[in-house]
Amino acid sequence: MRLPSLRRNVRRAYRVIIIFMIVAWSAVGMSMVAAGAPAAAQEQESAPDVVMEDVRIEGQKIENVEDVRKEFARRPGSNILIEEKQIVESRQLNLQDVLQFAPGVRFQSRFGADEGQFQIRGTSLRNNFHHRGINILINGIFFGDADGFSDFEAIDLMAYERIEIYKGANALRYGANTIGGAINFVPRTGYSASILQMRGMGGSFGMYMGQVSSGKVLPFKVGTMNATADYYISVSGNRQDGFQDNSQQGRQRINANLGLQLGLHQEIRAYFLQANVSERIPGALTNAQLFANPQQAGGRTPGANPAGGNFFACNLDNQTCKYGRYYNLQRIGVAYRNEFAADQFIEIIPYYSYQYLDHPIFQTIRQDNNNVGGEIRYRNANRLFGHENVFVVGVQPRYGDQHQTRFVNINGSIGAMTQNAFLRTLYFGAYAEDQFDATERLTLVVGGRWDYSSRQGNVQNFGPVGFPATQTTPSVLQTTRQPLAQFDALNPKVGFVYRTSPTSQLYFNASRAYEAPLNLELLSAFNADGSGNTGFLNLDAQRAWQFELGHRGTSTDRRYTWDLTVYNLEMEKEILTNIVNNTNTFRNANRTRHTGIEAGASAVVTRGMFASGPGGRVDQVTMRAAYTWSLFKFTDDVVGAVAAGGPANVPIAKSGNRVAGAPEHSLAYEVRYDHPRGWWIAPNFEWVPTGIYVDYLNTVKAPSYFVLHLRSGWNVNDRLMFFAEGRNLTDKTYAGAVVVNDPFFRFANPAQGVSGYAGVEYRF
């Protein structure tokens, strides 16, 4: 693992701990002040006695699941709530394990671990590495860099009690500044955890993982005021040798969630995350390489000549060049909530994160990354004109400070410096929304948000002296640039929810979304016309109008649930990955259209077929299915240069071509049998019947695939559970994830072959 020195880590850890203590105790102080004048008067006479005794536990209010369910029912959009049972009864290795049955949402692991291709409604298909285009939150607190760039490897599914998915721009608070929407991971608390829980799993390709966690609720009194503390802490680790050569992975993660309620109207909740991530990067393959040997290391450049004086010292396969990604991350967020009046509250949510990254790829990238931000939110649920009404307004500032250095990669060792960059990002978002019940059946929703962001850099570029493969001479400073870019937009939203029955709803929304380019995109090498980047790339923000109509509900006997949605995104300036001089860079399209149908359903097929158990329980057969139809296409021609100094009118994509990276049809289906004695078995499949275009001219496709899996488990009692899963049981060779517009046709990230996993969980 490539990490900074122990002394440096200790200094960083002390800094995070000190910041955590300052923020947490500041929030406690705020809470004590807001507790009221009588309590303050009592404190002036003498310090209050702290008495541990049984008092009534109200349960946490911040990110409360019941509040989320009510909010989903009032929101005019197709959102998804994945609860703890679905998470626990999965492999919990990556997001595909829990998002497989989320229509319109696609996560495909690139290397068999938790780094993957993630998109909602096709709005982030340019993500050939890492993540952008979808806001990630933990406990409602923004996760990632201030410019919107982030990753998945720090996220530990075993520590979360639910996952909330907000598609598109209909969730103003979470997702309107990214066209794809948002995903919120909510960690367990003392209210939902056991005093001690242990989980272990092992399986194919050298994979094993383990977790130990603890949580508890501790009621007490501060003078005459009831108070409740709770905590949850999870420590976990996993490793795997990987399916491909050079795909070893390792993770160590700590998640802590601490809560304090003072009386019935105030709560403080602090969240801490520490993650150490080590991963080799195997690289993608051509279709020919995929079917010849899917386990070989990728990244080979067909026809490469290592002695040809290439700028990159290492231009062979990823294993020879020792491609990898190694980082540690510390993150702290605090949420303070005060219900200062009837049906009104204010939340104050600051956060801070620090990440150190060592990333040998075509060059070796090293980063020190500091991000700070937060949110202030006010909500008023008082009646308006005698009708139910909910009004919310909030502001969300963020600031990022990144120092990045790049070096020649000489077979995994660093050579001469090629870049020294200081990048600063300022972001400010403000939003307001009102939900008004015009009748008992009809809720009208109107809102909007303003987003502003600036990108500022101080970038020094160096030129290595001599042949890079033997480079030891210090580089020569070639250019210094100080680019600045600013982006802002006002995005409105209207919609309605109409209750067609007590258990079903018709919904519609029209919403505008806006997404500024990232720092790494602005720093890419070539503009669309083939000219070199002399500051920031000539790249505009992408924006879209989204129109969505759907119906969701549950049958009166609770046996059937469904959510059917039709949507259309009229996109302007969609950001594409582009090829100039056989180098991936970025550019804007003119106009594109993302149209789709999302259908999710579950049903209790039958009960009492073969067996009955204690308490009148009987066996049952259930099914669930998720179907997504995606028609993402260019509605204008796209032309540009493919070489510096060459013609600028070469076709990149033609009107009517598909935007590459997503299948047109995808279906996931599962049948599950539950026995009253607690064991269950669930075969399921994934089917992509028409393959996936991987270039904008639609000349190459990743092949179609049908993959069979089998999950099973035994809930012996409330404390003990066994779990097993077999994946890709027919040993199908296919691309689990794809790379869009690779200059050497290396499009395929091989999915793992036939594999098996088994685990156990015990709660005290």
Side-chain angles (χ1 to χ4, degrees), residues 4 8-9 11-30 62 131-132 135-151 154-155 173-174 177-178 182 184-185 187 254-258 268-275 327-337 346-357 367-377 394-404 421-431 449-458 484 486-488 516 518-520:
R8 187 177 187 178
N9 274 331
R11 288 200 303 266
R12 297 295 184 187
Y14 275 132
R15 181 167 65 178
V16 171
I17 291 169
I18 290 169
I19 292 172
F20 174 82
M21 292 174 66
I22 292 172
V23 174
W25 283 110
S26 298
V28 171
M30 293 169 57
I62 297 173
H131 167 69
R132 67 212 77 161
N135 280 344
I136 295 179
L137 305 107
I138 297 179
N139 223 31
I141 304 171
F142 182 80
F143 175 87
D145 297 346
D147 66 342
F149 189 61
S150 61
D151 49 47
I155 293 171
R173 178 191 177 193
Y174 288 154
N177 68 315
T178 51
N184 184 27
F185 298 90
I254 300 174
N255 286 266
N257 193 346
L258 311 174
I268 305 166
R269 189 155 292 280
Y271 179 75
F272 175 75
L273 168 65
Q274 161 74 44
Y327 71 80
N328 58 47
L329 170 71
Q330 296 90 34
R331 181 177 183 82
I332 175 68
V334 177
Y336 168 69
R337 173 166 169 164
I346 188 169
E347 285 185 351
I348 303 172
I349 310 173
Y351 72 85
Y352 168 77
S353 70
Y354 169 75
Q355 182 188 56
Y356 173 81
L357 170 71
Q367 291 179 353
D368 283 285
N369 211 347
N370 292 273
N371 286 275
V372 63
E375 179 177 8
I376 300 175
R377 183 167 72 117
V395 294
Q396 299 165 322
R398 298 199 293 263
Y399 176 75
D401 187 351
Q402 180 184 101
H403 179 209
Q404 173 176 287
F422 295 88
L423 303 170
R424 295 175 178 87
T425 300
L426 177 66
Y427 168 83
F428 185 85
Y431 63 90
R449 71 176 288 146
W450 176 66
D451 293 290
Y452 166 83
S453 60
S454 69
R455 315 277 196 258
Q456 184 177 4
N458 187 328
L484 173 67
Q486 300 180 76
F487 307 90
D488 74 289
L518 307 182
N519 286 326
L520 70 88

**Report entry** Atom of H403, atom of A421 and distance for their closest heavy-atom approach
**Finding:**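 Heavy atoms only, the tightest pair is CD2-O, 3.3 Å.
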**Report entry** Nearest non-hydrogen partners of H131 and I136, listed with the distance
**Finding:**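 Minimum heavy-atom separation between H131 and I136: CD2-CD1, 3.6 Å.
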Report task. Report the C-alpha separation of Y271 and I138 in whole Å, then their side-chain angles, then the decisive distance to 0.1 Å, and conclude whether the side-chain contact (heavy atoms from CB on, under 4.5 Å) test is met. Result -> CA-CA 8 Å; Y271 179 75; I138 297 179; 3.1 Å; yes
Compare all side-chain heavy atoms of [X] with those of [Y] and state whether any distance is below 4.5 angstrom.
X    : Y    : answer
Y354 : L329 : no
F272 : N255 : no
N370 : Y352 : yes
L273 : Q330 : no
R269 : N139 : yes
V372 : D401 : no
Q404 : D368 : no

Query - Q274 CD to I254 CD1 distance, which is reported to the nearest 0.5 Å - result: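 Here the interatomic distance stands at 6.0 Å.
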**Report entry** Separation of L426 CG from R398 CZ (nearest 0.5 Å)
**Finding:**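 Between atom CZ of R398 and atom CG of L426 there are 10.5 Å.
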Query raised in the report: Do we see a donor-acceptor contact under 3.5 Å between the side chains of Y327 and D151?
Result: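 Present: a donor and an acceptor within the cut-off.
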Report task. For side-chain contact (heavy atoms from CB on, under 4.5 Å), just list the numbers for Y174 and N135, CA-CA rounded to whole Å, side-chain angles, deciding distance to a tenth of an Å, and then say yes or no. Result -> CA-CA 7 Å; Y174 288 154; N135 280 344; 5.8 Å; no
Requested in this report: Go through R424 and Q402 one step at a time and tell me if the side chain to side chain donor-acceptor pair (under 3.5 Å) criterion holds.
Outcome: CA-CA 6 Å; R424 295 175 178 87; Q402 180 184 101; over 6 Å; no
**Report entry** side chain to side chain contact (heavy atoms under 4.5 Å, CB included) against Q486, all qualifying residues, sequence neighbours excluded
**Finding:**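 With neighbours one apart ignored, the set is Y452, S454, L484.
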Query raised in the report: What residues, two or more places apart in sequence or in another chain, satisfy side chain to side chain contact (heavy atoms under 4.5 Å, CB included) together with R377?
Result: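 Result, side chain to side chain contact (heavy atoms under 4.5 Å, CB included) vs R377: R173, F345, E347, E375, V392, Y431.
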List the atom pairs, with distances to 0.1 Å, where a side-chain N or O of residues 140-150 and a protein N or O form a donor-acceptor pair under 3.5 Å, not counting sequence neighbours.
| unit_1 | atom_1 | unit_2 | atom_2 | d |
| --- | --- | --- | --- | --- |
| D145 | OD1 | N369 | ND2 | 3.3 |
| D145 | OD1 | N371 | ND2 | 3.3 |
| D145 | OD2 | N369 | ND2 | 3.2 |
| D147 | OD1 | F149 | N | 3.2 |
| D147 | OD2 | N519 | N | 3.0 |
| D147 | OD2 | N519 | ND2 | 3.4 |

Query raised in the report: Run the side-chain contact (heavy atoms from CB on, under 4.5 Å) check on D451 and Y427 step by step: do they pass?
Result: CA-CA 8 Å; D451 293 290; Y427 168 83; 2.4 Å; yes
Requested in this report: Determine, stepwise, if the pair V334 / I268 fulfils side-chain contact (heavy atoms from CB on, under 4.5 Å).
Outcome: CA-CA 7 Å; V334 177; I268 305 166; 4.0 Å; yes
